[in-house]
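Everything below concerns the one structure shown next.
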Amino acid sequence: TIFFFFYNGKSAMSGDGQVTFGQAVVMKHTARKVRKLFNGKVLAGFAGSVADAFTLFEMFEAKLEEYNGNLKRASVELAKEWRSDKVLRKLEAMLIVMNQ
């Protein structure tokens, strides 16, 4: 599980320690489900399969670099690629991203 909130001009993101490896669910207090991307200007968190999430993190980070940190454009372009690729459609993870 991953969530974020925005209140009084401040934002935060957090996740639980539940990590999925294949069909097994493991609770780990050291699990890092939130990462800083694009020189710390973007926060991204994931829910779902760890391996699939790392694939999405890498793809999203590449899109951020390609579009010079434009979060909306990178998100839209990743969504287009994700929806059109047969392999990517089968990924079992979701990303949530936000500007700091």
Side-chain angles (χ1 to χ4, degrees):
T1 307
I2 196 77
F3 66 94
F4 86 96
F5 60 92
F6 184 78
Y7 183 72
N8 286 339
K10 305 242 180 200
S11 56
M13 184 181 295
S14 182
D16 61 5
Q18 181 175 322
V19 179
T20 306
F21 293 103
Q23 298 299 320
V25 175
V26 180
M27 298 300 285
K28 295 187 62 100
H29 68 280
T30 59
R32 291 190 49 200
K33 297 176 75 171
V34 177
R35 297 169 78 184
K36 291 181 181 179
L37 304 176
F38 199 70
N39 300 321
K41 295 178 182 175
V42 174
L43 283 178
F46 76 91
S49 171
V50 173
D52 293 348
F54 282 129
T55 300
L56 290 175
F57 271 134
E58 289 175 5
M59 292 177 63
F60 185 71
E61 196 161 24
K63 293 292 182 189
L64 274 174
E65 294 293 331
E66 182 179 347
Y67 296 106
N68 200 26
N70 185 332
L71 185 64
K72 287 182 185 179
R73 179 76 189 270
S75 299
V76 168
E77 294 301 324
L78 178 61
K80 284 181 188 177
E81 190 174 336
W82 193 350
R83 295 169 94 189
S84 64
D85 188 289
K86 289 181 182 180
V87 175
L88 294 179
R89 277 187 275 171
K90 297 187 187 304
L91 293 180
E92 296 180 4
M94 291 182 281
L95 287 181
I96 186 169
V97 295
M98 63 189 233
N99 288 355
Q100 286 189 336

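Quick caveat: nothing in here was measured; it's all calculated off a predicted structure.
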Inset, instruction - For F6, look at atom CZ and say whether over 12 heavy atoms of other residues, nucleotides or ligands are found less than 6.0 Å away. - result: yes
Legend entry - Set of ring-ring contact (aromatic ring centres under 6.0 Å, His included) partners for F38, sequence neighbours left out: none
Inset, instruction - Using a cut-off of 6.0 Å, state whether more than 12 heavy atoms not belonging to R89 lie near its atom CZ. - result: yes
Legend entry - Heavy-atom pair of closest approach, residues K90 and K86: CG-O, 3.6 Å
Legend entry - Exercise: identify the closest heavy-atom pair between F54 and R35: CD2-NH1, 3.8 Å
Under 3.5 Å, sequence neighbours excluded: what are the donor-acceptor pairs made by side chains of residues 59-72?
from: K63; atom 1: NZ; to: E81; atom 2: OE1; distance (Å): 3.0
from: N70; atom 1: OD1; to: K72; atom 2: N; distance (Å): 3.3
from: N70; atom 1: OD1; to: R73; atom 2: N; distance (Å): 3.2

Inset, instruction - To the nearest 0.5 angstrom, please state how far the CG atom of D52 sits from the CZ atom of F46. - result: 10.0 Å
Legend entry - S14 OG to F4 CZ distance, which is reported to the nearest 0.5 Å: 13.0 Å
Legend entry - Heavy-atom pair with the smallest gap, counting every atom of K33 and F57: O-CZ, 4.2 Å
Legend entry - Close side-chain approach of L43 to V97, heavy-atom, < 4.5 Å: no
Inset, instruction - Indicate the atoms forming the closest heavy-atom contact of L56 with A93, along with that distance. - result: CD1-O, 3.7 Å
Legend entry - Pairing residues for A47 by the side chain to side chain contact (heavy atoms under 4.5 Å, CB included) criterion, not counting sequence neighbours: I2
Legend entry - Any donor-acceptor pair under 3.5 Å from D85 side chain to V87 backbone: yes
Legend entry - Shortest non-hydrogen separation from A44 to L37 and the atoms involved: CB-CD1, 3.6 Å
